[in-house]
There are 2 protein chains.
Amino acid sequence: MTTRDSKDSDLQRSLTLLWTERRRGQRGPRSRLTVELIAQAAVRIADADGLDAVSMQRVATELGYSTMSLYNHVPSKDLLLEVAADVGAGAPPDLGGTADFREAVRRWVGALWAGFHSRPWILRVPLDHAPVGPNQLAWLDRLLRPLLAAGLPGGEARAAALHLTAVVRGTAQISINMAGEHKRDNGIPRSDADLTHVVAELLDPADYPALTAVHAAGLAGPERADGDALPFELGFGVDRFLDGIESWVAAKSGD
Amino acid sequence: MTTRDSKDSDLQRSLTLLWTERRRGQRGPRSRLTVELIAQAAVRIADADGLDAVSMQRVATELGYSTMSLYNHVPSKDLLLEVAADVGAGAPPDLGGTADFREAVRRWVGALWAGFHSRPWILRVPLDHAPVGPNQLAWLDRLLRPLLAAGLPGGEARAAALHLTAVVRGTAQISINMAGEHKRDNGIPRSDADLTHVVAELLDPADYPALTAVHAAGLAGPERADGDALPFELGFGVDRFLDGIESWVAAKSGD
DNA sequence: ACGTTTCTATGTATGGTGTACATAGTTTCG
DNA sequence: CGAAACTATGTACACCATACATAGAAACGT
């Protein structure tokens, strides 16, 4: 144990490790292992074989160290996963050139959406703390800029950013796994589309009137995602939200 | 193994178990254990000690059975958790008497929000399949009704419902654990409010201009959640979204 | 009524997990 | 040049999900 200071919490300790580069001037041998290296290895494994494949043993052997070495740099697996999620998130897109705030937000949403698609395991990392990694903060910052530029005061911009982040995250969680590449059952890949049919047979239309109505009407959905357009399931809600924001700031400024 | 039909997938099998009550007329002794009982036990444990405390052993001993008995009724722990999440969600609120569609949606959102607060472990159950439990479908149905009544066509109502579900789920995931009753560090409870301060010291304002601006302005937030009002962090976005929906249907019908 | 079938519940065993703890070795400071 | 402090390692433990074989009981066909 490092035991630098007993009041030093695990969380704060690992936070400092994340934010400050290697401190120098300590006694022992300098560590060849770093939090970044460990997190990157975890990301590599999660990318290749999913989040469940990330175990301390696997990460350690991936790096060529013993399992317990990791605990010199990371207090627990849970925190390692949070750090890995931050590392895996990467840097946010640069929206500097986007004048229209709607377009900027849409691009931000699209980038996050794409990120969740390329690393779906991030959605499965349980978040135990407020987002606090450098990349997560950078993403948030990049979203806040167009919202502030649009004329929202601080508190409302924060709420709007939370709303958008939550929408993308929640929508991704709900709809990504429906595509279900990774899902195979008895070796047969199974898209959840069939599943809804299976259920449809079982449920009583009287109990779910709205659902059956929508189900009947909703099958004609040949959605196109040309270029940077968002898929309809995500884009419709985002557009309505931006409509609302726009008229909100218009009403306030015209007030 | 039941091996009723080799094409019968695990998922479908457990779905059938969830939806159809106990079939009769089989050979062996009727089972005293049921999926519902098992799921309820899992819910009880998760309520008491969190999702991590839910193990097959614990569930079994809670019911007074051996560990392996559970596998006669549930194909895997993962599916058990999904069923438990559905059971734990409970029945949706009855919005029958609410004439205003905005008010109905807000009440639905508030109820789901409250549900996630009272059972935060539901947010940690990884969802591997399209929502398909009876309760989840009931919640969805109840949300679709006011949206359809407001004049949205099927596909848009579905997208709007997805948006709202995702918002509540995502916002809950992000902001619930910030309250962090369960979080204690070195035995000292720690609300993540301090945490942001710790980070604030570390980060360079030049890198996160929007964030620091919002942070400076945003501290004056004595939000009140009187009665059935939603907290500002959630309510602002929902209200803007509903604004957008309203003007959308108005524009369409006036068209 | 009876044997056969078919189901439930159990016990045992296996390979994996996160991590507490003690130790050996190495680097830097006083 | 000791001595302190740090890194990496090895061992050990409790627990986990679940594959598999078995025992027993209930309902069916006769």
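Note that the coordinates shown come from a computational prediction; the quantities given were computed from them, not determined experimentally. We name chains A, B, ... by the order of the sequence lines, and we start the count at 1 in each one.
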Item to check | Estimated bend of the helix from C:dG16-D:dC15 to C:dG30-D:dC1 (axis per five terminal pairs, rounded to 10 degrees) | outcome: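 Both end axes considered, the difference amounts to 10°.
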Checklist entry - Parallel, tilted or perpendicular: which describes the rings of B:H163 and A:H163, with under 30° parallel and over 60° perpendicular? => result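 Judged by the thresholds at 30° and 60°, the geometry between B:H163 and A:H163 is tilted.
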Item to check | Listed nucleotide nearest any side-chain atom of A:R27, set D:dG29, D:dT9, C:dC29 | outcome: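 Closest nucleotide to the A:R27 side chain: C:dC29.
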Checklist entry - Taking only residues two or more places apart in sequence or in another chain, which ones pass salt bridge (Lys or Arg N to Asp or Glu O under 4.0 Å) with B:R32? => result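 Counting only residues at least two positions away or on another chain, B:R32 forms no salt bridge (Lys or Arg N to Asp or Glu O under 4.0 Å).
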Item to check | Residues in salt bridge (Lys or Arg N to Asp or Glu O under 4.0 Å) contact with B:D52, at least two apart in sequence or another chain | outcome: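 In terms of salt bridge (Lys or Arg N to Asp or Glu O under 4.0 Å), with neighbours along the sequence ignored, B:D52 is linked to no residue.
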Whole-Å distance separating the [atom1] atom of [X] from the [atom2] atom of [N]:
X	N	atom1	atom2	answer
B:L63	C:dT8	CG	P	16 Å
B:R30	C:dA9	CZ	P	12 Å
A:N72	C:dT23	CG	P	17 Å
B:L33	C:dC7	CG	P	17 Å
B:I38	C:dT8	CD1	P	11 Å
A:L70	D:dA8	CG	C1'	11 Å
B:H73	C:dC7	NE2	C1'	10 Å

Next on the checklist: Between A:L80 and A:Y71, does the side-chain contact (heavy atoms from CB on, under 4.5 Å) criterion hold? Intermediate values first, please.
Outcome noted: CA-CA 10 Å; A:L80 166 57; A:Y71 285 95; over 6 Å; no
Item to check | For B:A159, side chain to side chain contact (heavy atoms under 4.5 Å, CB included) partners two or more places apart | outcome: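 Result, side chain to side chain contact (heavy atoms under 4.5 Å, CB included) vs B:A159: A:F232, A:F236.
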Checklist entry - B:A46: what forms a side chain to side chain contact (heavy atoms under 4.5 Å, CB included) with it, not counting sequence neighbours? => result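 Counting only residues at least two positions away or on another chain, B:A46 forms a side chain to side chain contact (heavy atoms under 4.5 Å, CB included) with B:V54, B:W121.
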Considering just the side-chain nitrogens and oxygens of [X], establish if one lies under 4.0 Å of OP1 or OP2 belonging to [N].
X	N	value
B:R32	C:dA9	yes
A:S69	D:dT9	yes
A:S66	D:dT9	yes

Checklist entry - CZ of A:R169 to OG1 of A:T165: how many Å apart, nearest 0.5 Å? => result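 Nearest 0.5 Å value for the CZ-OG1 distance: 10.0 Å.
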Item to check | Per-nucleotide protein contact string for nucleotides 12-24 of chain D (B base, S sugar-phosphate only, - none; heavy atom under 4.0 Å) | outcome: ----BSBBB----
Next on the checklist: Could you go through B:L51 and B:L81, starting from their C-alpha distance and side-chain angles, then the distance that decides it, and tell me whether this counts as side-chain contact (heavy atoms from CB on, under 4.5 Å)?
Outcome noted: CA-CA 9 Å; B:L51 192 65; B:L81 289 184; 4.0 Å; yes
Next on the checklist: Under the criterion side-chain contact (heavy atoms from CB on, under 4.5 Å), I'd like the reasoning laid out for B:L33 against B:S69: C-alpha separation, chi angles, the key distance, then a yes or no.
Outcome noted: CA-CA 8 Å; B:L33 224 41; B:S69 293; 4.2 Å; yes
